[in-house]
Structures are given as structure tokens and as C-alpha cells.
Amino acid sequence: MAQEIQDVIVVGSCMTDLVSITPRLPKAGETIHGSKFFIGFGGKGANQCIQAARLGAQTTMVCKVGKDSFGNNYRENFKKNKVSTDFVYQTDAAATGVASIIVNSEGQNAIVIVAGANLLLDSGDLSKAAGAISAAKVMVCQLEILPEISLKALKMARASGVKTIFNPAPAITSLDPEFFSYSDIFCCNESEAEILTSVPVQSSADAGKAGLALLEKGCKVVIVTLGGEGCVIVSQEKTLPQHIPPKKVTAVDTTGAGDCFVGALAFYIAHYPHLSIEEMVKRSNYIASVSVQSPGTQTSYPYRKDLTLDLFQ
């Protein structure tokens, strides 16, 4: 039977977010009072997948959750967001991954993740999803699952001519060099770029230097995101770094903004391949700027109907 073509397939993580809102981040050994607590849906892979879906992409998630209430709830969350759950596996060998998040009054955060079932996604699971991977327009991977599984997924996509986006988060110093050559778009934030290149990133100019260092490692296109300062693009075709400034907004909660950006970028590559990478990044920047103006992770991600028409022309 022919595999239904999906716009975006994401191989990655699902996390249940345990979020505390506080006036400031606590110091080591300090206990402080928070003002609010809530449970949300997160994980870099799932976040990226759901933002792409909310913009109108047909999406499929390949991940592993526990056979527990968090896992069951996550499957329902995907269905509500019109994400295919054909490859959302459940295991009783580990709990669903969780992220403990503290957000201060300025929207800054500190996060501890316990990956749980995410680390049990294996080659056999990928093989079952091979048809869906080969039928997609874009595949997205990160590093909240085993790195070797992300790399295998990138190789499977490349072999089928599927565009690949790799988000090396959380960054590791011992990243397999094959990741650089198997990523059509290598998208990292300033701290990840610094870890991977040893180039300190304090400005857009520094981000350009780090981007050039990543090109030398074999990347085709590098995007270094800079939070409230936008992002910098470099590519093998255009080695002069380009700074794409963001729309200036007042941030309420920046949690998941980078994932929002990646999910939007995947949508644009799948739906608007005629646009320049600069225009795709500009639009993705804008969508991420919308997300930081509301609390929570996926709860802050905008739907297509809530955005201006010029983003979809």
C-alpha cells in the first residue's frame, strides 16, 4: 500500500513539562515561593512537530513514551493537534520523559530533563517508520533521544531525498561529525554553537564566525538563533553571514521559542519551497516572537488562523 505523503516528519522527544512560575530563579541550595504551577506538553521533537501542524503541515511524530498517564495524555495531545500517532510507541520499560521548568518574571527559564522512554526509541522503531520517512518532504531531528538514532534517521531521510533539519539540542561536545554532512539545515542557538565550535558567541558577529566554523565541518546551511536578537544565516553558497533581526516584543515566557522557530521553518520548507531561506527564517522568527508573548510551551504556539495572511503568501 502506498504511504500517504506527509509534509513534515519529526523523529525526537516527548516530555511532560512540570512548570513553576517564580519571581526569580533560585540560587543553589535556596528554596523560594512560586506563584503558579501547571503541567504542559513539551519535548523538543513534539514541540517542533506541533508548531508545524498548527501552521497547516501534515505531520507525523516518531517517538516513544511510557505506558503511563503522561504517555496516554501525550498521544491524545497529538491527536488533538492533528499529528499522526502511527509511530508514537509506548513502553512499560521506562516512564514518559519529564522536564522540570522554572520560569522567572522576565520570561527566562532553567530546565532539568529526565529523558525516560525517549532513550528507548531504537533502530527497530525507525525501521517501522521507514515508509513514512521516505514519503515526507522534510524531516526534523534533535538530541533528546539517543544521538545514534537521530543520525540514522537523518541518513534514512537523505537516502530518500527528503530535506533534513537538525537541531543539535541539547548540544554535546562529542557530536558525531556525520551529523554536519547529513543535515541540509543545521539550526542551533548561541550556546549550542559555542559548544560545537569553541567560538564564544556574544553577538551576531560572533554567531557568524561560529556559523562559518560549522560550514567548515561540512554543514550546507547554518542558522544560529540568538533569542531576542534574531538569528544569523550562513551557507556554502553565501558565506557572508546575514543577520535577520526579529520583531521586538515583550517576552512573557521564552520556553520552547527555539522549537517554535524550527517547527515553523519545517513548515515553510515543506509548503513554500520557492521562498528564499532568508524569507523563511524571517517568517519563522516572527512566529517565534508571537509564542514568547504567552506563557507555557505548546500553549503559546500560534495557529495559522491567528496569524496574518502575509505569512502564507
Side-chain angles (χ1 to χ4, degrees), residues 3-4 6-21 36-101 103 111 113-122 124-126 128-129 131-133 136 139-142 144-145 149 153 253 255-257 259-260 262-264 266-267 270 287 291 294-306:
Q3 179 70 45
E4 181 185 357
Q6 293 287 295
D7 296 322
V8 176
I9 189 163
V10 179
V11 177
S13 58
C14 293
M15 299 278 184
T16 296
D17 289 344
L18 308 174
V19 186
S20 298
I21 308 297
K36 186 179 180 183
F37 171 80
F38 60 91
I39 298 175
F41 297 104
K44 290 184 177 299
N47 291 344
Q48 293 164 7
C49 191
I50 281 174
Q51 181 59 86
R54 288 186 180 181
L55 295 176
Q58 286 188 290
T59 61
T60 295
M61 186 74 201
V62 182
C63 64
K64 187 163 279 186
V65 295
K67 282 186 179 175
D68 51 32
S69 59
F70 285 162
N72 295 338
N73 290 343
Y74 223 126
R75 286 181 61 87
E76 288 307 307
N77 182 55
F78 281 130
K79 290 174 183 176
K80 285 178 184 175
N81 282 279
K82 297 182 171 59
V83 173
S84 169
T85 59
D86 290 352
F87 307 105
V88 177
Y89 306 103
Q90 286 188 277
T91 178
D92 53 14
T96 299
V98 295
S100 298
I101 303 172
V103 182
I111 304 173
I113 64 173
V114 180
N118 289 294
L119 298 182
L120 299 184
L121 188 70
D122 59 27
D125 299 324
L126 278 189
K128 292 173 191 171
I133 290 172
M139 196 189 68
V140 186
C141 289
Q142 328 74 30
E144 283 184 340
I145 61 174
I149 300 304
D253 183 357
T255 309
D259 298 332
C260 174
V262 172
F267 163 78
I287 291 167
S291 79
S294 299
T297 305
Q298 291 175 21
T299 53
S300 72
Y301 289 0
Y303 291 84
R304 183 174 183 141
K305 66 180 174 60
D306 300 321

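Listed here is the closest heavy atom pair of Lys44 and Ser13: N-OG, 3.2 Å. Nearest heavy atom pair, residue Ser20 against residue Phe37, reads OG-CD1, 3.8 Å. Here the closest heavy-atom approach between residue Val65 and residue Cys14 is recorded as CG1-CB, 3.8 Å. Between Ala132 and Phe87, the shortest heavy-atom contact is CB-CE1, 3.6 Å. Closest of all the heavy-atom pairs between Ala266 and Val8 is O-CG2, 3.8 Å. Between Asn81 and Arg54, the closest heavy-atom pair is OD1-NE, 2.8 Å.
Residues Gln142 and Val10 form a side-chain contact, since some pair of their non-hydrogen atoms from C-beta on lies under 4.5 Å apart. Using a 4.5 Å cut-off on side-chain heavy atoms (C-beta onward), Ile39 and Leu18 make contact. Between Pro302 and Ile287, some side-chain heavy-atom pair lies under the 4.5 Å cut-off. In this structure the side chain of Asp86 never reaches within 4.5 angstrom of the side chain of Thr60, judged on heavy atoms. Ile50 is listed as a side-chain neighbour of Asn77, based on a closest heavy-atom distance under 4.5 Å. Counting heavy atoms from C-beta outward, Ile21 and Phe38 have side chains that approach closer than 4.5 Å.
A distance-only check finds no donor-acceptor pair linking the side chain of Gln6 to the backbone of Ile133 [under 3.5 Å]. Side-chain N or O atoms of Asp253 include none that pairs as donor or acceptor with a backbone N or O of Ser294 at under 3.5 Å.
Every residue was checked against the ring-ring contact (aromatic ring centres under 6.0 Å, His included) condition with Tyr301, not counting sequence neighbours, and none meets it. In terms of the side chain to side chain contact (heavy atoms under 4.5 Å, CB included) criterion, residue partners of Glu76 (sequence neighbours excluded) are, by chain and number, Lys79.
Residue Thr299 holds its OG1 atom at 9.0 Å from CG of Asp17, rounded to the nearest 0.5 Å. Going from atom NZ of Lys80 over to atom CZ of Phe41 covers 6.5 Å, rounded to the nearest 0.5 Å. Between the OG atom of Ser300 and the CG atom of Asn47 there is a distance of 8.5 Å, given to the nearest 0.5 Å. Expressed to the nearest 0.5 Å, how far CG of Asp92 lies from CG of Asp68 amounts to 10.0 Å. To the nearest 0.5 Å, atom CD of residue Gln48 and atom OG1 of residue Thr59 are 12.0 Å apart. For the atom pair Tyr89 OH and Arg75 CZ, the distance stands at 11.0 Å (nearest 0.5 Å).
Just one residue in the list Thr91, Asn118, Asp125, Thr96 forms a side chain to side chain donor-acceptor pair (under 3.5 Å) with Lys64, and that residue is Asp125.
Side chain to side chain, Gln298 and Asp259 fail the donor-acceptor criterion of an N or O pair below 3.5 Å.
Aromatic pair Tyr74/Phe78: ring centres closer than 6.0 Å.
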May I have the step-by-step check of side-chain contact (heavy atoms from CB on, under 4.5 Å) for Gln90 and Asn72, ending in yes or no?
-> CA-CA 9 Å; Gln90 286 188 277; Asn72 295 338; 2.9 Å; yes
